[in-house]
There are 2 protein chains.
Amino acid sequence: MEKQEDSIWAHCSSSSVRRASRQLGQLYDDAMGLSDLRGTQFSLITQIGYLNEPTQKELAKAMVMDLSALGHTLKPLIRDDLVELVPDEKDRRAKRVRLTPGGRKRQAEMVANWQEAQRRFDAVLGAEKSEELRRTLAFIASEDFAKAYEAAGEKGD
Amino acid sequence: MEKQEDSIWAHCSSSSVRRASRQLGQLYDDAMGLSDLRGTQFSLITQIGYLNEPTQKELAKAMVMDLSALGHTLKPLIRDDLVELVPDEKDRRAKRVRLTPGGRKRQAEMVANWQEAQRRFDAVLGAEKSEELRRTLAFIASEDFAKAYEAAGEKGD
DNA sequence: CAAATATAGTGGCATATACCAGTAAATTCC
DNA sequence: GGAATTTACTGGTATATGCCACTATATTTG
């Protein structure tokens, strides 16, 4: 038993992803420089800018994030006037997430910082491996993966 | 510019890792079953069991985690009597982290749950790719990676 | 040895993220 | 069309995680 559990920590994919996530969180946050914008926040407003005024639901899905978690994460951005919520015209339950002019500006300003961080990352890991890693991670984050994972449990479990 | 930022979200390694991390967090947490132990907590107590009564500092390093973050993360586990802190004999600043008998028991009980989650993960991604992914992520989480990343900025930045 | 510095933790504060229990609005089903 | 159900979001609570300031202890230096 001692022998067996001996390497769980190294064989756990979830753990591995989390460790890497913490490391990269540090590195990319640092790259954001003096700006008080965190890496996650840059990522979020970039996604908001990419989707066209998504509802919170749509944005949460794109971010592979829980809806309520997204709501909480948006709060500081709304408070700092980078993002605003506008009620949807047709569905009065839904609220669309939109960048304010200030938010758009901030996002644009930080692109260079992100690029530098990403450049370094690619330099260290190699462009090929970097690209492949992103592909693999995107698959893991996909609904297809979640479905297949569930299906893999249909039998024994 | 619209064209350029168009795919930042997909080309950001940090973002990719985070999305995958959220997805796996969900999946592995579910696997923990009715137990109120989260995936991260299982991961943590497993690491504690693997290292021999590490100091918080040592444990934080192994987990690629901030020392104070670790301290906070340990609190619920201490409260629930799965873990205890014992002052180091020689260095009175240091506190060693130790599993309680109950903690050891809980960890052992959850190994099967973890294995099932990991089995499914490997089944979906393929054992090869799974193994390679963990290797890559372990590298990213390593100090060598952080050093190389810093070094990659020595020039232009 | 005493002063300066470095190290290990603690506590406070802020963001990140999830679950659950509402609430309100839309959709489905007699 | 009105009741039952589903959907989109909000707010509360809890863990996850980081930074900073501070305390206590160790180590280094003059």
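- Not a single donor-acceptor contact under 3.5 angstrom links the side-chain atoms of Arg22(B) to the base of dT17(C).
- Along DNA chain D, the nucleotide nearest to Arg38(A) and the one nearest to Lys57(A) differ in position, and the one closer to the 5' end is contacted by Lys57(A).
- One atom, CZ of Phe42(B), and another, C1' of dT15(D), lie 18 Å apart when rounded to the nearest Å.
- Using a cut-off of 4.0 Å between Lys/Arg side-chain N and Asp/Glu carboxylate O, Arg135(B) and Glu132(B) are scored as not salt-bridged.
- Nucleic acid contact for Asp91(A): sugar-phosphate only, since backbone atoms but no base atoms lie under 4.0 Å from a heavy atom of the residue.
- Of the side-chain N and O atoms in Arg93(A), none sit less than 4.0 angstrom from OP1 or OP2 of dT6(D).
- Without hydrogens or angle criteria, Gln23(A) side chain to Ile140(B) main chain gives a donor-acceptor distance under 3.5 Å.
- Between the side chains of Asp81(A) and Thr100(A), no donor-acceptor pair of N or O atoms lies under 3.5 Å.
- Atom-to-atom, NZ of Lys95(A) to P of dA26(C) comes out at 14 Å; the value is rounded to the nearest Å.
- Contact annotation: Gln26(A) side-chain N/O to dC19(D) OP1/OP2 distance is under 4.0 Å.
- Among the nucleotides dT10(D), dA16(C), dT17(D), the one closest to any side-chain atom of Arg18(B) is dA16(C).
- Side chain of Leu85(B), nearest nucleotide from dT10(C), dG12(C), dT17(C): dT10(C).
- Looking at the side chain of Gln56(B), the nearest of the listed nucleotides dC9(D), dT10(C), dG11(D) is dT10(C).
- At whole-Å resolution of the value, CG in Leu24(B) and C1' in dT17(C) are 15 Å apart.
- As rounded to whole Å, 14 Å separates atom C1' of dG12(D) from atom CG of Asp66(A).
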Check your understanding: Checking side-chain hydrogen bond (donor to acceptor under 3.5 Å, both in side chains) for the pair Gln107(B)/Thr46(B): CA distance, chi angles, key distance, verdict?
Key -> CA-CA 7 Å; Gln107(B) 195 277 336; Thr46(B) 298; 2.8 Å; yes

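- Comparing Pro76(A) and Val64(A) against DNA chain C, the residue whose closest nucleotide sits nearer the 5' end is Pro76(A).
- Rounded to whole angstrom, the span from the CG atom of Leu74(B) across to the C1' atom of dG18(D) amounts to 15 Å.
- No side-chain donor-acceptor contact under 3.5 Å links Asp80(B) to the backbone of Leu82(B).
- Ser68(B) comes within 4.0 angstrom of a base, heavy atoms only.
- The distance from atom CG of Leu67(B) to atom P of dA6(C) is 18 Å, rounded to the nearest whole Å.
- Rounded to whole angstrom, the span from the NE2 atom of His72(B) across to the P atom of dA8(C) amounts to 18 Å.
- No side-chain donor-acceptor contact under 3.5 Å links Arg38(B) to the backbone of Gly25(B).
- Residue Thr73(A) places none of its side-chain N or O atoms closer than 4.0 Å to OP1 or OP2 of dT15(C).
- Side-chain N/O atoms of Lys90(B) include none lying less than 4.0 angstrom from OP1 or OP2 on dT25(D).
- Rounding to whole angstrom units, CD of residue Gln41(A) and C1' of dG18(D) are separated by 13 Å.
- Nucleic acid contact for Arg79(B): sugar-phosphate only, since backbone atoms but no base atoms lie under 4.0 Å from a heavy atom of the residue.
- Mapped onto DNA chain D by nearest heavy atom, Leu70(B) and Arg92(B) fall at different nucleotides, with Leu70(B) at the one closer to the 5' end.
- No engagement by Lys61(A) is indicated, since no non-hydrogen atom pair under 4.0 Å with the nucleic acid exists.
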